[in-house]
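In what follows, a structure is listed as structure tokens, so that the remarks can point back to it.
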Amino acid sequence: MTEDVLVSVKGLHVTEEAEQNEIETISAGRYYNRNGKHYILYEEAIEGTQELVQSCIKLQNGRMEVRKKGPLQSQMIFERDKKNTSWYYTPYGNMMAGIEVTEMKVSETKDLIEVNVDYSLEMNYEHMADCSIQVKVMAKDSGLFHLQT
């Protein structure tokens, strides 16, 4: 994998009322592999503002950690069959987020790392949604990235 990458993060939340909310962000980023750990660094824009969130994804042995710094701050840990809780800081207030992974698949080739996670999301100890997240990290010059119209 090259240092210059494209990062696609697609998330889907399905609430108890069967409402679906899907989002996708695509960003240029940097990739590093240190001591068997994958690090992906990128910036995300916050909808409706000019502010950016610094994001870092760390992958190791079936575990994904997502850290965000800036106007939104969080550390979310995704591990199969384990529930992790952490604070999620927003300009509108702080919330305790609980993540319980039900399925996690990681695949890796020379130019692509793909992570698919299904999980249950709690906010302040109350079930909010069943979710999925798909992370694709592609070498920038691999030709794997295509926009669909």
Problem set entry | Stepwise side chain to side chain contact (heavy atoms under 4.5 Å, CB included) check, Leu41 with Tyr32 | CA-CA 9 Å; Leu41 308 169; Tyr32 304 95; 3.6 Å; yes

Exercise. Yes or no on side chain to side chain contact (heavy atoms under 4.5 Å, CB included) for Arg63 and Phe78, after CA distance, side-chain angles and deciding distance?
Worked result: CA-CA 6 Å; Arg63 180 181 195 262; Phe78 299 86; over 6 Å; no

Problem set entry | Steps toward side chain to side chain contact (heavy atoms under 4.5 Å, CB included) verdict (Val117, Met104) | CA-CA 4 Å; Val117 182; Met104 184 171 187; 3.9 Å; yes

For this session: Output, in order, the C-alpha distance, side-chain angles, deciding distance and verdict of side chain to side chain contact (heavy atoms under 4.5 Å, CB included) for Gln75 and Val66.
Result: CA-CA 6 Å; Gln75 176 185 7; Val66 180; over 6 Å; no

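Looking only at distances, a side-chain donor or acceptor of Ser27 sits under 3.5 Å from a matching main-chain atom of Glu43. For the pair Asn116 (side chain) and Gln134 (backbone), a donor-acceptor distance under 3.5 Å is absent.
Under a hydrophobic clustering in which Ile, Leu, Val, Met, Phe, Trp and Tyr are joined whenever their side-chain heavy atoms come within less than 4.5 Å, directly or via other members, Ile133 and Met123 fall into the same cluster. In the hydrophobic clustering of this structure, Ile99 groups with Met128; members are Ile, Leu, Val, Met, Phe, Trp, Tyr whose side-chain heavy atoms approach within less than 4.5 Å, directly or through other members. Linking ILVMFWY residues whenever their side-chain heavy atoms come closer than 4.5 Å, directly or via other members, leaves Leu72 and Ile77 in distinct clusters.
Side chains of Arg34 and Tyr39 form a contact here, defined as non-hydrogen atoms less than 4.5 Å apart. The side-chain heavy atoms of Trp87 and Met95, taken from C-beta on, include no pair separated by under 4.5 Å.
Residues Ala139 and Val5 approach most closely at CA-CG1, 4.2 Å, considering heavy atoms. Of all the heavy atoms in Ala97 and Tyr88, the pair that sits closest is CB-CB, 4.4 Å. Of all the heavy atoms in Cys131 and Leu121, the pair that sits closest is SG-CB, 3.8 Å. When every heavy atom of Ser74 is checked against every heavy atom of Met76, the shortest pair comes out as OG-CE, 3.8 Å. Taking every heavy atom of both residues into account, Lys140 and Thr2 meet most closely at N-OG1, 4.0 Å. The shortest heavy-atom contact between Ile113 and His38 is CD1-ND1, 3.7 Å.
Rounding to the nearest 0.5 angstrom, the gap separating the OH atom in Tyr31 from the CG atom in Leu59 is 8.5 Å. Here the SG-NZ distance, from Cys56 to Lys69, works out to 8.5 Å after rounding to the nearest 0.5 Å. How far CD of Glu79 is from CD of Glu65: 9.0 Å, rounded to the nearest 0.5 Å. Ile26 CD1 to Ser8 OG: the interatomic distance, rounded to the nearest 0.5 Å, is 5.0 Å. The line from OH of Tyr119 to CG of Asn84 is 12.5 Å long, rounded to the nearest 0.5 Å. The distance from the CD1 atom of Ile40 to the NZ atom of Lys136 is 14.5 Å, given to the nearest 0.5 Å.
Taking the charged nitrogens against the carboxylate oxygens, Glu103 and Arg80 do have a contact shorter than 4.0 Å, which makes a salt bridge. Using a cutoff of 4.0 Å between basic side-chain nitrogens and carboxylate oxygens, Glu122 and Lys83 are scored as salt-bridged. A salt bridge links Glu44 with Lys68: the closest approach of a Lys/Arg side-chain nitrogen to an acidic carboxylate oxygen falls below 4.0 angstrom.
A 6.0 Å sphere centred on CD of Glu24 holds more than 12 heavy atoms belonging to other residues, nucleotides or ligands.
For residues 89-100, no pair satisfies side chain to side chain donor-acceptor pair (under 3.5 Å), with sequence neighbours left out.
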